[in-house]
Amino acid sequence: MIFEIDGDKLVLTAPNSFTLRIVQERFLPEISKRALPFFSAPPQIELRIEKRSAKSNAKPVMEAAVASKPIAIAPAKPAKSPNKLNPALVFDTFVTGKANQLAHAAAIQVAETPGVAYNPLFIYGGVGLGKTHLLQSIGNLVTKQNPQAKVCYIHATNYISGVVRAFQTKNFDEFKQFYNSLDLLLIDDIQFIADKPGTQQEFFYTLNSLIDTNKQVVITCDTFPKEISGIEPRLTSRFTCGLTVAIEPPGLEMRVAILLQKAATSGSPISEDVAFFIAKHVRSNIRELEGALNRIEAYARFHKRQISIELAKEALKDLLAAQNKQVSMENIQKTVADFYRIKIVDLLSKKRSRIIARPRQIAMTLARELTQLSLPEIGNAFGGRDHSTVLHACKTIESLRNSDSALNADFNLLNQTLRG
Ligand code: ADP
Ligand code: MG
């Protein structure tokens, strides 16, 4: 079987019709998936039979593009259209709160004084928390303030395809020149270059060259740089030589603020009650919040009804049902006990030593966030405690999360684990 990249196509040449059929019937989805990093969008796959055996009666078969969404927006050939900025992603529409204010402040500063403040700026956080939005906002602001600036936004998968193409077409000089001539490089989801040593080497040179000439680089990633496996240490240490900031999952109030803002700009404002209702149930990330809101708006339009909590409940019925199944009190107690290596019976006992009491308070707080149970019900589930004990636990944990970063990290981890 021969694999060749021909423009936007992947050409597979089989030695005979038998192999061709097997590949066609069994392996196309897998091949398509594995080929993705080499293309800017899911490639069209063309199947051929090798010339010398083409006498056989099987004809070359064309296979339509495998249907799936394109994985990235930026072009694979950056030289042609480097500036793929989405004008909708600007600072004005970015809601700030405790979870992202540091990243937001750093992004603004970098956009206002590129190459001067922090270089590189490295923003990391889980999916759907606003990394791409911030990255694009920087690009849009820099372009607005200085239309001459050479700005490139690129998703790491497209950068990889660029390296691959430069190899294939032996156009490395052009490739290097393009990146080295930028004033601002915004590279999204850098974790994708893990286990791609060729790309890493190339990126290392580009990064050094840009930073050395005071050209701004902003990088996003789904994890803390030192925790990405499969990336050379010299590169990860370069990532952290500027400023590294995290974006955390938004808290309840911030989720409400985001919903209110999105609803207002989409032209169908919602009340605070409705926003609280959605925010209480959709907790994982901002992309999902938007999804839930869109669903509610569409549902209201379709049924020609006003948006109310009642309507939100109907529109999000499936989501709510799935959620209720997911996070049970037993699950919270078991997960917290496992995490802190204590016994569930101790968690539910009257023991007051801190080694038990703290995890208990954390478990209670998680139960309040993740289940629909009332304070007395939660108290009950923890060995028949009073509702005021639960409230006290929640307040204690809330204030500790501000002062104790290790505890805050544990809490976030447990929270995300439980949400699945
Ligand atoms: P990530 O790149 O971290 O996966 P995105 O930047 O794509 O996340 O954000 C997901 C969606 O949520 C986008 O539509 C984005 O505009 C929106 N979003 C994220 N953070 C905010 C925020 N702080 N305020 C308003 N919208 C946000
Ligand atoms: Mg993103």
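What's counted below: heavy atoms across the whole structure, side chains too, no hydrogens, waters or symmetry copies. Start at 1 and go down the list; that is how both ligands and their atoms are numbered.
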Could you find the nearest protein heavy atom to [atom] and give me its residue, atom name and distance?
atom: atom 23 (N) of ligand 1; answer: Val95 O, 2.7 Å
atom: atom 25 (C) of ligand 1; answer: Thr93 O, 3.2 Å
atom: atom 18 (N) of ligand 1; answer: Ile286 CG2, 3.3 Å
atom: atom 7 (O) of ligand 1; answer: Arg287 NH2, 2.9 Å
atom: atom 14 (O) of ligand 1; answer: Glu290 OE1, 2.8 Å

Open item on the list: Any heavy atom of Gly126 closer to ligand 1 than 4.0 angstrom?
Closed with: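 Judged by the 4.0 Å heavy-atom criterion, Gly126 does count as contacting ligand 1.
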[Y] and [X] side chains, donor-acceptor separation under 3.5 Å:
X: Thr223; Y: Glu227; answer: no
X: Gln168; Y: Arg165; answer: no
X: Asn402; Y: Lys98; answer: yes
X: Glu297; Y: Ser266; answer: yes
X: Glu377; Y: Ser374; answer: yes
X: Ser271; Y: Asp273; answer: no
X: His155; Y: Asp188; answer: no
X: Lys176; Y: Thr206; answer: no
X: Arg238; Y: Asn208; answer: yes

- [ ] Flag the pair Arg401 / Leu407 as yes when at least one side-chain heavy-atom distance between them is below 4.5 Å, and no otherwise.
- [x]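 Answer yes - side chains close enough.
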Open item on the list: Would Gly130 count as being in polar contact with ligand 1, using the rule that some N or O on each side must be under 3.5 angstrom apart?
Closed with: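 Between Gly130 and ligand 1, an N or O pair is found under 3.5 Å apart.
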Open item on the list: If you measure every N or O of Gly128 against every N or O of ligand 1, does any of those distances drop under 3.5 Å?
Closed with: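 For ligand 1, there is an N or O atom that lies under 3.5 Å from one belonging to Gly128.
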Residue [X] vicinity, atoms of ligand 1 by number, heavy atom under 4.0 Å:
X: Phe94; value: 20 (N), 21 (C), 22 (C), 23 (N), 24 (N)
X: Leu89; value: 16 (O)
X: Asn100; value: 23 (N)
X: Val127; value: 4 (O)

Open item on the list: Closer than 2.8 Å to the Mg ion (ligand 2): how many protein N, O or S atoms are there?
Closed with: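 Total protein N/O/S atoms under 2.8 Å from the Mg ion (ligand 2): 1.
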- [ ] Compare Arg255, His133, Lys262 and give the one whose heavy atom is closest to atom 26 (N) of ligand 1.
- [x]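 Answer by nearest heavy atom: Lys262.
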Open item on the list: Between the side chains of Asp92 and Lys144, is the shortest nitrogen-to-carboxylate-oxygen separation below 4.0 Å, so that they form an ion pair?
Closed with: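 Salt bridge: no.
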Task: Asp183/Lys150 salt bridge by N-O under 4.0 Å criterion - done: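 The answer is no: the pair does not qualify as a salt bridge.
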